[in-house]
Each structure stands twice: as structure tokens, then as C-alpha cells.
Colleague: 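The structure follows.
Numbers for residues simply follow the sequence, beginning at 1. Keep in mind the model is a prediction, meaning the values are calculated, not measured.
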Amino acid sequence: MLERRARFLRGGLIAICAVLAAGLASGSTPSGDIDPSIRPADDFYGYANGAWLKTVEVPGGPHGYGTRDIVNERTRLLVRDLVQGAAMARPGRSSAAQKVGDYYASVMDEDRIEAKGLAPLADDMARISAISDRAALSTYLGSTLNSEADELTANADHVVGLWINQGFRDADHALPHLWQGGLGMPDREAYLDPSPDMAALRARYRAHIAAMLKLAGATDAEARAAHVLALETRIARAHAPDSDAADVFKQDNPWKRADFPVKAPGMDWTAYFAAAGLSGQRDFIVWQPSAVTGTAALVASEGIPAWKDYLRFHLIEHYAGVLPRAVRAEHAAFPSGAAQAPDRSAEAIAATSGALGQAVSQLYTRRYFPPAAKARAEAMSRDLLTAYRTRIAKLARLSPGTKAKALAKLAAFRIGIGYPDTWIDYATLTVARGDALGNMRRAEAFNRARNLARLKRPVDPMEWPMNPHVPGAVIMFSPNAEFFSAAILQPPYFDSRGDNAANYGSAGAGMAHEISHSFDELGNIYDARGRLGDWWTAADRARYHAATAKLAAQFDGYCPLPGLCLDGKRIVSENVADLAGLLVAHDAYILSLKGKPDVVIGGLTGEQRFFLAFAQRWRLAQSEAALRRQVTTDTHAPGQYRSDTVRNVDAWYGAYGARPGDRLYLKPEDRVRIW
């Protein structure tokens with residue numbers, strides 16, 4: 001069970017959920033995927049998805065093929081066509097289309113990139129070569145401090161990472177959140193784990209460093225690569241373990257500007273923060289103090305030559321996608337071992353989205369998510385919040401004081417649908433066709449300046465943390481908000497011209513699932529304004545654990561293969577959210593009818609279509625090996641058991657006539673009541 005934990009990306013304040021969607025046709029729930037030979041009260045998942053499961057090819061690999069893959073692939077093709085269309089230089093292109101098209105075309109222009117060689121990096125290489133002391137090294141490290149608004153990564157491009165977001169205790173002001181970085185391999189264990197597999201990985205990494213240094217013109221590259229790996233290993237030793245990232249209270253370390261020379265001596269912090277554009281900043285949040293302290297000490301203790309080779313290697317790694325073929329191929333070879341670089345077009349589209357995310361999203365939403373679609377999805381989100389308000393007000397497991405805090409948090413909760421009301425203005429960003437590396441550099445500077453500017457204005461809880469053309473949803477516990485991208489709100493997960501019952505059963509249940517996390521054991525440590533601090537009492541927590549234990553026991557009884565049963569306690573948080581999402585979405589669906597009966601479509605009542613859409617959103621074709629891997633490692637139950645959540649919902653029994661003796665039937669007193 002997760003205790004005193006939040007749902008984080010690398011231990012942070014963001015949760016990213018790839019919400020599942022299914023099918024290809026627009027309109028109502030795909031009844032053609034039903035297997036009518038299966039009684040829904042015996043196997044609702046099989047009934048809802050049986051025809052689809054019989055025809056879909058079961059792939060190998062670690063995951064399988066399901067609704068998420070269908071939506072991701074469809075969106076990939078739509079975005080590809082938009083970006084490639086924008087690259088066709090024609091009169092009358094919008095500013096967004098011009099910048100998107102020229103950026104993409106520049107990355108695709110391999111001949112021009114090849115002709116330039118490494119010349120575009122000459123000034124950077126000269127800056128590195130000129131480093132002669134600790135102040136100069138600190139200045140260079142500060143100048144590479146990136147600011148990313150939408151996700152937290154232990155990026156090797158900077159030894160200290162930066163994320164601009166509201167403080168843990170201060171909801172009014174954005175603060176610089178600093179976290180550990182500087183590693184070229186995935187995490188500290190890759191450097192420190194003595195196992196043969198990790199030792200082999202380190203050997204491949206050292207060879208990769210040497211190959212990159214050779215491409216940069218270095219002599220004695222093997223010895224210099226050994227020094228770079230040794231330096232990164234020392235950085236890794238200073239890092240906090242990944243397990244610490246699960247506990248946000250360990251990340252809540254406020255430092256004043258004056259604390260850095262005292263708590264982390266070795267770095268010239270005045271030079272560092274001046275180069276980073278943070279000279280006037282007084283307050284910081286340091287997520288892993290050991291990493292900042294340890295890395296600062298290495299600036300003073302490690303030789304300048306090793307640091308310079310480290311910087312040369314990471315410079316060429318960072319820009320590999322817009323450098324000659326040999327660099328790009330070597331970059332792709334580690335750690336995957338790929339014999340050649342990935343598809344150029346796919347990489348160019350990803351690079352364009354990374355640099356001009358909201359410009360790409362403008363092209364996407366203009367064509368595929370018009371204002372009418374946004375308005376209908378917003379109406380559904382309002383119904384969900386109304387339904388939550390009613391359910392929270394009646395929750396017996398919450399003490400009166402806690403219930404008041406939950407309702408206050410719900411009242412302050414914000415949901416972003418589709419795309420932002422105000423787009424990022426890229427007017428000052430120059431994108432020149434034929435200058436791939438220059439475009440990348442200018443885009444990074446533009447986005448960095450835009451994010452640093454957030455330090456000088458009040459926190460905006462509705463500032464989008466994701467690109468709307470990417471399928472998914474983001475929960476921001478701090479601030480108290482949630483966002484659903486336009487790309488996830490597509491048929492048949494959500495159809496703005498389609499059936500309300502299916503929309504609420506699929507998209508509505510997904511939205512309500514994510515909202516519930518702000519009010520369960522994942523989100524109860526953040527208040528109405530997203531500030532850190534428990535608002536449940538010990539008695540509230542005990543009652544919650546007692547209620548969820550019954551659901552955990554129910555899932556313990558699900559065994560997809562002989563000798564392979566689910567661990568109900570480990571997956572209980574997501575199962576609770578599935579149950580909350582289904583109940584609240586059903587309430588919201590009833591609200592949407594405004595007292596009128598729903599129509600019958602394809603022989604199915606509205607209630608039947610609602611629950612059918614819920615079951616179809618969990619479809620997944622996977623091999624036995626993939627199923628075993630999911631059961632033993634994932635915090636989510638396999639789709640067929642998530643679909644079985646319906647057996648705890650009274651309305652499902654009326655919709656499908658389940659009765660004693662049916663396999664899914666539960667007595668009313670045995671149905672789990674948490675929400």
C-alpha cells in the first residue's frame with residue numbers, strides 16, 4: 001500500500017496517465033466488437049470485447065496491443081501528415097505552420113547537415129576548451145541549466161536539473177525546483193550495481209563515450225572515456241536512490257540562495273546562478289540535497305581536463321539528432337545496440353514537437369478538435385465535478401472536518417480540456433529553413449526564457465503542462481488541476497458528435513478515475529491550493545484502509561493463469577480509482593440526461609452502452625509472457641479485471657440482469673462501497 005506518497009514522474013508533482021481509448025470508427029460504442037455468445041453476467045469483458053479479441057493479432061514484446069496503442073498510432077499518423085504538410089513551403093501559411101514546417105524540413109535536410117559537419121558546435125567546443133578554473137567551469141555548467149515546464153527528467157545535459165513550479169508550501173509563487181542530473185545512463189544503479197549485466201552495460205557505455213569523443217576529434221579517446229565514466233560514477237554516488245523519489249516529503253527541502261555556498265561548497269554559485277539567469281532568485285527547492293552537495297564538491301575536487309571531456313561528450317550527445325549521420329548513428333547505438341539510426345522522419349517530428357509543441361498542437365486542434373468538441377467535453381467535466389460534490393458530501397468514512405476540506409479542494413479543482421485558452425506566442429522565435437542546429441539552439445533559449453519568466457508572475461493553475469496533440473492526461477497535485485489533451489479526446493473514447501452514454505462510460509470514467517486520485521491516499525497530502533500537508537486525520541486513514549482492504553481481497557481472488565494470482569494490496573490504489581471513476585461517471589451520465597430517458601441504439605439501452613464502453617476501454621491483446629509480467633510488476637490490474645469493476649456497481653445489475661448464480665454476481669452486502 002502506498003502511504004504518504006503522491007503520484008509522481010521521477011518523484012515529482014506531476015502524474016502522467018496514458019488514458020486508454022478504443023476503436024477506429026466514429027459514433028456510438030462499437031457493438032460489432034461484442035461476442036453475443038458470452039453472457040455479460042458471466043464474463044463482461046469477454047462479452048464486450050470477444051469479437052475484437054478473436055480477430056486481433058496478439059503481438060510479442062513486453063506490453064501487447066490494445067486501445068492505447070490504437071489511439072497512439074492513429075494520432076502519430078495525423079500529426080505526421082500535419083507536420084509534413086506544413087513543411088510544404090507555400091504562400092499563405094500561418095506563422096505556426098511556417099515555423100513547424102521549416103523546423104521539420106531543416107532536421108530532414110541531411111545533406112546540408114552532413115555538409116556542415118561539426119562546425120555548428122565550434123563555438124561551444126571553444127568555450128569548453130577555454131575553461132581553466134572552477135569559476136569558468138561553474139559558469140559553463142550554469143549556462144547549460146535547462147528549464148522544462150512539463151516534465152522532470154534526470155537529464156544528462158545538466159548536472160543539476162531545473163523545473164519551475166509553485167512551491168510545496170507557497171501556492172502563490174513559482175520557485176526553481178532543482179533535482180539531480182548529469183548521468184548518461186538511466187540511473188545511479190547502472191553505475192553502482194556490481195551485477196554482470198550492469199558491468200556489461202558500463203563497458204558498452206564507455207565504448208560509446210570513446211566513439212563520440214573520436215567523432216569530436218579527440219585523441220586518446222579510450223583513456224578519456226574512462227575518465228568521463230569515472231566522473232559520472234562519482235556523480236551517481238552522490239545521487240539519492242530512486243526509492244526516495246516516491247516520498248515527496250523527502251523532496252521538500254527549501255534552500256535560500258545564501259545556503260548554497262555553505263551546504264554545497266565547491267561550485268562557484270555566484271557564477272553558476274548568473275549564467276543560469278537566476279542571480280536575483282532568493283528561494284529554491286532542492287529535491288536531493290546529497291546530489292547538489294556531492295556534485296558541487298566534484299567541481300572543486302575533480303580535474304578540469306576530465307570535466308572538459310565530460311562536457312564535450314554531452315554536448316555532442318545533446319545535439320546528435322541535428323549532426324552528421326555518423327554521430328546520429330552512434331547516438332542511436334547506445335544503449336539499444338541498433339545497427340542504424342531510427343526513422344529520420346519520426347525523429348524530425350519528435351524534435352519539432354519538442355521545440356514547438358504548442359505550435360504543432362494549434363495545427364492539430366484546428367483540424368481535429370474544434371471548439372464544439374471542447375465545449376462538449378467541458379460540459380461532461382462539469383457533470384463529473386457535480387457528481388463528486390454529491391458523493392463526497394455523503395461519504396461516511398470522512399470526518400466532518402475532513403469532508404469540509406475535501407469539498408473545498410473540489411471547489412478549487414480545475415480541469416483543462418483539449419487545449420489552453422491562450423497559446424504560447426512563438427513570434428519572437430526565429431526558425432530558419434536549413435539551420436537545424438541553430439533552430440534547436442534558439443528554441444531551447446526561447447523555452448528557457450519563457451519558463452524563467454514564470455518566476456516573475458503569479459502562479460497560473462491553468463497553465464498547460466503538456467502538448468495537446470499528444471494523447472494523455474496530466475494530474476497536477478500542485479497546483480490543484482488536471483488536464484486532458486485534445487488527442488486523447490477522440491472517437492470512440494470520446495466523440496463530440498456521438499453517444500453520451502459511450503462518452504461518459506469511457507472518457508468520463510477515465511476522467512473521474514484521475515480526479516479521484518486528488519482525494520485518495522495519493523492526493524490527500526495536498527490541500528485545495530496544492531500545498532503540501534496531510535488533510536486526512538488518522539481516523540479517516542484507518543477507515544479508508546478498512547474499506548479498501550475488501551477491494552484488495554476481491555482482486556486477490558482473480559487468477560488469470562494457474563498459479564498466477566493478482567496481488568490485491570499492491571494494485572488497490574488504481575482499483576479504487578477505477579471504482580470511483582465508474583460510479584461518478586455513471587452519476588454524471590444520469591445528470592446529462594436532465595431527467596429524460598435515453599434512446600436505444602443498436603438494441604442497447606443507454607445504461608447498457610455506458611457499461612459496455614467502460615469494458616471496451618480496457619481491451620488488450622497480450623501474450624502469456626506479457627500478462628505474467630504485468631501481474632508481477634504493474635500497479636494496474638489486467639484489463640479483464642478492471643472491466644469487472646462493474647460487479648460492485650448496483651446499476652450494472654439492472655442494466656444487464658445479473659442475478660444469483662451468475663459468475664460475476666455479488667450480493668449487495670458483498671459489493672465494495674468506498675465512494
Colleague: Are side-chain heavy atoms of Tyr65 and Ile70 found at a separation under 4.5 Å?
Modeller: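 Yes, close enough: below the 4.5 Å cut-off.
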Colleague: Does CD belonging to Glu669 count more than 12 external heavy atoms closer than 6.0 Å?
Modeller: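 More than 12 heavy atoms, drawn from other residues, nucleotides or ligands, come within 6.0 Å of this atom.
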Colleague: Grab the two heavy atoms, one from Phe413 and one from Ser518, that are nearest each other, plus how far apart they are.
Modeller: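 In this case the closest contact between Phe413 and Ser518 is CE1-OG, 3.7 Å.
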Colleague: Taking side-chain hydrogen bond (donor to acceptor under 3.5 Å, both in side chains) as the definition, give me every residue that meets it alongside Asp556, ordered by chain and number, with sequence neighbours left out.
Modeller: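 For Asp556, no residue satisfies side-chain hydrogen bond (donor to acceptor under 3.5 Å, both in side chains) once neighbours in sequence are set aside.
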Colleague: Would the distance check show the side chain of Arg609 and the main-chain N or O of Ala501 forming a donor-acceptor pair, the cut-off being under 3.5 Å?
Modeller: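 Side chain of Arg609 to backbone of Ala501, a donor-acceptor pair under 3.5 Å: no, none is there.
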Colleague: Is there a side-chain contact between Trp618 and Thr67, using heavy atoms and a 4.5 Å cut-off?
Modeller: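 A side-chain contact under 4.5 Å is absent here.
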Colleague: Judged by atom type as modelled, is there a donor-acceptor pair below 3.5 Å linking the side chain of Ser592 to the main-chain atoms of Tyr589?
Modeller: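 Side chain of Ser592 to backbone of Tyr589: a pair is present.
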Colleague: Report yes if the side chains of Leu566 and Pro638 come closer than 4.5 Å at any heavy-atom pair, otherwise no.
Modeller: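 A side-chain contact exists here, since the closest heavy-atom pair is under 4.5 Å.
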Colleague: What verdict does the salt bridge (charged side-chain N to carboxylate O under 4.0 Å, His left out) test give for Lys54 and Asp35, after you've listed the backbone C-alpha separation in whole Å, the side-chain angles of each residue and the deciding distance to 0.1 Å?
Modeller: CA-CA 9 Å; Lys54 288 177 182 177; Asp35 184 345; 2.9 Å; yes
Colleague: Can His63 and Gln630 be said to form a side chain to side chain donor-acceptor pair (under 3.5 Å), step by step?
Modeller: CA-CA 8 Å; His63 168 66; Gln630 180 178 5; over 6 Å; no
Colleague: I'd like to know if the side chain of Arg80 and the backbone of Ile349 have a donor-acceptor N/O pair within less than 3.5 Å.
Modeller: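 Not a single qualifying donor-acceptor pair exists.
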Colleague: Decide yes or no for His517 and Glu482: does some side-chain heavy atom of the first lie under 4.5 Å from some side-chain heavy atom of the second?
Modeller: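 His517 does not reach Glu482 side chain to side chain.
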Colleague: Is the side chain of Asn648 donor-acceptor paired with the backbone N or O of Val672 at a distance under 3.5 Å, no angle test?
Modeller: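 Side chain of Asn648 to backbone of Val672: a pair is present.
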Colleague: Which pair of non-hydrogen atoms, one from Pro560 and one from Tyr558, has the smallest distance, and what is that distance?
Modeller: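 For Pro560 and Tyr558, the tightest heavy-atom pair comes out as CD-O, 3.8 Å.
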Colleague: Using a strict 4.0 Å threshold on nitrogen-to-oxygen distance, state whether Asp33 and Arg619 make a salt bridge.
Modeller: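 A salt bridge links Asp33 with Arg619.
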Colleague: Taking 4.0 angstrom as the limit, do Lys667 and Asp670 come out as a salt bridge?
Modeller: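 Judged by the 4.0 Å cut-off on N to carboxylate O distance, Lys667 and Asp670 do not form a salt bridge.
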Colleague: Which class fits the ring pair Tyr653 and Tyr665: parallel under 30°, tilted 30 to 60°, perpendicular over 60°?
Modeller: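 Perpendicular: the ring planes of Tyr653 and Tyr665 meet at over 60°.
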Colleague: Within the structure provided, determine whether Lys550 and Arg673 are in side-chain contact (heavy-atom separation under 4.5 Å).
Modeller: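 Heavy-atom side-chain distance check fails, nothing below 4.5 Å.
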Colleague: Have His469 and Ser485 got a donor and an acceptor in their side chains that come within less than 3.5 Å?
Modeller: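 Distance-only check fails for His469 and Ser485.
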Colleague: For Asp578, is there any backbone N or O sitting under 3.5 Å from a side-chain donor or acceptor partner on Thr645?
Modeller: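 Not confirmed, Thr645 side chain does not pair with Asp578 backbone.
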Colleague: Roughly how far, to the nearest 0.5 Å, is the CZ atom of Arg382 from the CG atom of Leu591?
Modeller: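 It comes to 12.5 Å.
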Colleague: Does a side chain donor of either Gln84 or Tyr104 reach within less than 3.5 Å of an acceptor in the other side chain?
Modeller: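 Looking only at side-chain atoms, Tyr104 and Gln84 do form a donor-acceptor pair, the distance falling under 3.5 Å.
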Colleague: I want to check something: taking the side chain as every heavy atom from C-beta on, are Val360 and Leu82 in contact at a cut-off of under 4.5 Å?
Modeller: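 No, side chains not in contact.
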Colleague: Do Arg617 and Asn49 pair up side chain to side chain, a donor and an acceptor below 3.5 Å, judged on atom types alone?
Modeller: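 No, no side-chain donor-acceptor contact under 3.5 Å.
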Colleague: When the aromatic ring centroids of Trp464 and Phe483 are compared, is their separation below 6.0 Å?
Modeller: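 Yes, close enough.
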Colleague: Run the side-chain contact (heavy atoms from CB on, under 4.5 Å) test on Asp587 and Arg391 for me, step by step, so that the C-alpha distance in whole Å, both residues' side-chain angles and the decisive distance to 0.1 Å come before the verdict.
Modeller: CA-CA 9 Å; Asp587 292 349; Arg391 282 198 173 262; 2.5 Å; yes
Colleague: When you measure from the side chain of Ser361 to the backbone N and O of Gly357, does any donor-acceptor pair fall under 3.5 Å?
Modeller: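 Yes, the answer is positive, given that a donor and an acceptor are paired below the 3.5 Å cut-off.
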Colleague: Short question: side chain of Gln358, backbone of Trp423 - any donor-acceptor pair under 3.5 Å?
Modeller: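 Checking the backbone N and O of Trp423 against the side chain of Gln358, no donor-acceptor pair under 3.5 Å is found.
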Colleague: Using every non-hydrogen atom in the two residues, find where Leu398 and Arg543 come nearest and quote the distance to one decimal.
Modeller: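 Smallest heavy-atom distance, with atoms named: C-NH2, 4.2 Å.
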Colleague: Answer yes when Glu73 and Arg76 have at least one side-chain N-carboxylate O distance shorter than 4.0 Å, and no when they do not.
Modeller: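 Result for this pair is yes, salt bridge flagged.
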Colleague: Is a side-chain N or O of Gln616 found less than 3.5 angstrom from the main chain of Ala48, in a donor-acceptor match?
Modeller: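 At least one qualifying donor-acceptor pair exists.
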Colleague: When rounded to the nearest 0.5 angstrom, what distance separates CG in Asn503 from CG in Asp495?
Modeller: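 Rounded to the nearest 0.5 Å, the CG-CG separation comes to 6.0 Å.
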Colleague: Which atoms form the tightest heavy-atom contact between Pro468 and Gly418, and what is the distance?
Modeller: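 Closest heavy-atom pair between Pro468 and Gly418: CB-O, 3.1 Å.
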Colleague: Between Thr75 and Gln490, does any side-chain donor sit less than 3.5 Å from a side-chain acceptor?
Modeller: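 Checked: Thr75/Gln490 side chains pair up, N/O donor to acceptor below 3.5 Å.
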Colleague: Does any N or O in the side chain of Asn524 come within less than 3.5 Å of the main-chain N or O of Phe519, such that one atom is a donor and the other an acceptor?
Modeller: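 Pair absent, no side-chain N/O of Asn524 close to backbone of Phe519.
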Colleague: If you look only at pairs with a residue in residues 355-382, which of them pass as a ring-ring contact (aromatic ring centres under 6.0 Å, His included), with sequence neighbours excluded?
Modeller: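 Sorted result for residues 355-382: Tyr364-Tyr368.
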Colleague: Take Leu53 and Gln640, measure what side-chain contact (heavy atoms from CB on, under 4.5 Å) needs, and give me the verdict at the end.
Modeller: CA-CA 12 Å; Leu53 289 168; Gln640 61 264 43; over 6 Å; no
Colleague: Taking the side chain as C-beta and beyond, is there a heavy-atom pair between Arg628 and Leu564 under 4.5 Å?
Modeller: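 They are in contact (side-chain heavy atoms under 4.5 Å apart), so the answer is yes.
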Colleague: So, does Asp662 use its side chain to make a donor-acceptor pair with the main chain of Arg659 at under 3.5 Å?
Modeller: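 Yes: the side chain of Asp662 pairs with the backbone of Arg659.
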Colleague: Please give me the minimum heavy-atom distance between Gly606 and Asp598, naming the atom from each residue.
Modeller: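 Taking Gly606 first and Asp598 second, the nearest heavy atoms are CA-OD2, 3.7 Å.
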Colleague: Is the closest side-chain donor-acceptor distance between Tyr544 and Asp520 under 3.5 Å?
Modeller: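 Note: Tyr544 and Asp520 side chains miss the donor-acceptor criterion.
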Colleague: Any idea how Phe477 and Tyr526 line up, ring-wise: parallel (<30°), tilted (30 to 60°), or perpendicular (>60°)?
Modeller: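 Parallel, since the angle between the ring planes stays under 30°.
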Colleague: ring-ring contact (aromatic ring centres under 6.0 Å, His included): which pairs involve residues 372-397, sequence neighbours left out?
Modeller: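 As it turns out, the ring-ring contact (aromatic ring centres under 6.0 Å, His included) pairs with a partner in residues 372-397, which skip direct neighbours, are Tyr388-Trp675.
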Colleague: Can you tell me how far NE2 of His513 sits from CG of Asn575, rounded to the nearest 0.5 angstrom?
Modeller: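 Reported value, rounded in 0.5 Å steps: 9.0 Å.
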Colleague: Rounded to the nearest 0.5 Å, how far does NE2 of His586 lie from CD1 of Ile590?
Modeller: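 Taking CD1 in Ile590 and NE2 in His586, the distance rounds to 4.0 Å.
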Colleague: Side chains of Tyr45 and Asp43: closer than 4.5 Å at any heavy-atom pair?
Modeller: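 Yes, side chains in contact.
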Colleague: Measure from the ring center of Phe44 to the ring center of Tyr656 and say whether it is less than 6.0 Å.
Modeller: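 Yes, close enough.
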Colleague: Indicate, with yes or no, if the rings of Phe611 and Phe614 have centres closer together than 6.0 Å.
Modeller: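 So the answer is no for these two rings.
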Colleague: Run the salt-bridge test on Asp650 and Arg671 with the 4.0 Å N-O cut-off and return the result as yes or no.
Modeller: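 Salt bridge flag = yes for Arg671 with Asp650.
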Colleague: Taking atom CG of Leu664 and atom CG of Asp644, what is their separation to the nearest 0.5 Å?
Modeller: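 If we round to the nearest 0.5 Å, Leu664:CG and Asp644:CG are 5.0 Å apart.
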Colleague: Quick one: CG on Leu395 to CG on Leu407, what's the gap to the nearest 0.5 Å?
Modeller: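 Reported to 0.5 Å precision, the distance equals 9.0 Å.
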Colleague: Can you name the nearest heavy-atom pair linking Ala348 to Met108, along with the distance?
Modeller: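 Smallest interatomic distance, heavy atoms only, reads CB-SD, 3.7 Å.
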Colleague: Apply side-chain contact (heavy atoms from CB on, under 4.5 Å) to Gln554 and Leu666, showing your working.
Modeller: CA-CA 11 Å; Gln554 185 181 106; Leu666 289 172; 3.6 Å; yes
Colleague: Test side-chain contact (heavy atoms from CB on, under 4.5 Å) on Asp421 and Lys374 and set out the steps.
Modeller: CA-CA 11 Å; Asp421 292 333; Lys374 182 180 175 81; 3.7 Å; yes
